[in-house]
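The structure appears below as structure tokens.
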Amino acid sequence: LQMSRNLIFFKDFQISRHIFNFLYLTMIKKDQKMNRKVRIMMVKKIYYDFLIGFKTLQKKFVWIAVILCYLTVISVTFIERYTLLSYSSNDFLSRLIDVSCWTIYILALLSGTFIISSCCSYPYNNLSLNRVLRSCRLETLLSVTPTLVDFSESSDKKEKLLTFDDEGIPISKWEEKKEFIESNLNIRIIDIFYTSGVRRLSIRFVPATDAIPCKVQWSDAFIQKDKDAFPVVLGVSLTGEIYINLCLQNSILIGGSTGSGKTMLLKNLVYQTCKLGAMVTIIDLKGGIDFSKKYWKEHCTIITTKQEALASVDNIIKVMNQRKILFLKEQVSDISTYNAYHRSDSLSHVVLACDEIASLLDVKGLSKAEKDITVILTSKLSEVARLGRAFGVHLIIATQRPDATVIDGQIKNNIDCRICGRADQVLSKIILDTTEAATRIPKNSQGRFLLSDGTEFQGYWMNEDDAYG
């Protein structure tokens, strides 16, 4: 038995390994003191492998054909046993052989079906994942690894879900070993979360071959027009296009180092809001050179000085106050509810965009008069950030380093959606309050961003001449 345990080892389909381990621990005398829980876990893993394999088997016709062929061979061999073994069923010895053949036949049917069913879910079964989890040090003090209890796929078979009985291993340790799991299984993990209490844990992932593309061409087909929402698409994540509803996440802050693609993302978002019928104001203190195309001048208001910016923000606050009076009269709480009752004369959303807000709000090196204007402007932008969501007023701002000297804390705290491009640990901490952008976004990438919830995506690349002339 010990020789069999050591010799029977298939590199890919380790079907016999757990079975022989269990028999070895049960029958070899020196291992009788092994904790009973370890043996129960082995039986549990074998049981769930069969269930997962049987569930997967229903979708894989090749494996069904393999099982049918196996059953056919076994059945034909059993039927022709008299010819193959050259015996009759008359004497006692022949009857004993016949009973043995029946026993072997039944065992072969059951064990063969079990083994093939367990194989067809490879590599997402306990037999293969046990080695991966052990190499990642995801095991208890008794060397028991988490048990895979379910495996499922999305309808397009791109997104997959593994559900484990975590055996008491906390989710923080799974997060810590995330990169090791990805490397061993050749996957990209989307998220890790509890599904039932704190003992059932799921890993949502896609194969590494379906990772985020390095460049995605923009198309107007990505724009979604929704009468009850104000959605904009950010880019492509591991699960496909990623949208945010500005009716819920009122404002957007984009940060990152020079050359990370902030301006391209901001232009794309502003372009979408124009297509959705919003009233757009763009503040560009570089003289408007980034928005010099004819399209921007026709569909947006371009602001190039601080005095104009202050006047524009004043007008936006007046619009907010007018809508406040209107909503009180109509007894509605926000623009979405108002537009749902007034389809024919619905209100347009208002967007205020600024490509480099540091040039607008930074007070270093300014005269007293300019500082006074900047302080007033900061105060009014803070009011827009706090109250704008209900009245359909949104901020989309970009800057390289949005620290406290550039963006006031009240503005930053009221921006729901934060996006970080390529950055070091300090910059990532300032933008997202974590250092994930420094480790997850490659140093030479352009257009790759990270949301504050940890979602990684590739922003769209727009050819400005083709997109809006």
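Just so we're clear, the structure is a prediction, and the values are computed from it rather than from any experiment. Start at 1 with the first residue, then count along the sequence.
Annotation: side-chain hydrogen bond (donor to acceptor under 3.5 Å, both in side chains) contacts of Glu356 (sequence neighbours excluded): Thr399. The salt bridge (Lys or Arg N to Asp or Glu O under 4.0 Å) search around Asp372 returns Lys368, not counting sequence neighbours.
Ring-plane geometry between Phe291 and Trp296 is classed as perpendicular, the angle between the planes exceeding 60 degrees on a 0 to 90 degree scale with a lower cut at 30. In this pair, Phe230 and His349 present their aromatic rings parallel. The plane angle is below 30°, not in the 30 to 60° band. Ring planes of His299 and Tyr295: parallel class, angle under 30° (limits at 30 and 60°).
The CD1 atom of Ile397 sits 7.5 Å away from the SG atom of Cys354 when rounded to the nearest 0.5 Å. In this structure, CG on Leu395 lies 8.0 Å from CD1 on Ile316, to the nearest 0.5 angstrom. The distance from atom CG of Asp284 to atom SG of Cys300, rounded to the nearest 0.5 Å, is 11.5 Å. In this structure, Ile190 CD1 and Lys160 NZ are separated by 11.0 Å, a value rounded to the nearest 0.5 Å. Of the inter-residue distances, the one linking Arg200 atom CZ with Asp165 atom CG reads 5.5 Å to the nearest 0.5 angstrom. Taken from CD1 in Ile357 to CD1 in Ile283, the straight-line distance is 7.5 Å, to the nearest 0.5 Å.
Put simply, the side chain of Asn186 never gets that close to the backbone of Ala208: no donor and acceptor are under 3.5 Å apart. Side-chain atoms of Ser183 do not come within 3.5 Å of backbone N or O of Phe180 as any donor-acceptor pair. The backbone N or O of Ile189 sits less than 3.5 Å from a side-chain atom of Glu182, completing a donor-acceptor pair. Gln458 places a side-chain N or O within 3.5 Å of a backbone atom of Gln446 that can act as its donor or acceptor partner. Within the 3.5 Å criterion, the main-chain N or O of Arg422 finds a donor-acceptor partner in the side chain of Ser257. Remark: the backbone N or O of Lys412 is paired with a side-chain donor or acceptor of Arg418 at under 3.5 angstrom. Looking at Glu330, its side chain never comes within 3.5 Å of a backbone N or O of Leu326 through a donor-acceptor pair. Counting only distance, with no hydrogens or angles, the side chain of Asn339 and the backbone of Leu347 share a donor-acceptor pair below 3.5 Å.
Side-chain contact, Asn268 with Gln272: a donor N or O sits under 3.5 Å from an acceptor N or O. Between the side chains of Asp334 and Thr337, at least one donor N or O sits under 3.5 Å from an acceptor N or O. Under the 3.5 Å distance criterion, with hydrogens and angles disregarded, a donor-acceptor pair is assigned to the side chains of Arg386 and Ser382. For the residue pair Thr374/Lys306, the side-chain donor-acceptor check at 3.5 Å is satisfied. A donor-acceptor contact closer than 3.5 angstrom links the side chains of Thr258 and Gln400. With hydrogens and angles left out, the side-chain atoms of Thr435 and Ser428 include no donor and acceptor closer than 3.5 Å.
When all heavy atoms of Gln224 and Pro231 are compared, the pair lying nearest together is O-CG, 3.3 Å. Leu248 and Arg389 get closest at one heavy-atom pair: O-CD, 3.7 Å.
Contact check on Lys364 versus Asp362 returns no salt bridge, with no Lys/Arg side-chain nitrogen under 4.0 Å from an Asp/Glu carboxylate oxygen.
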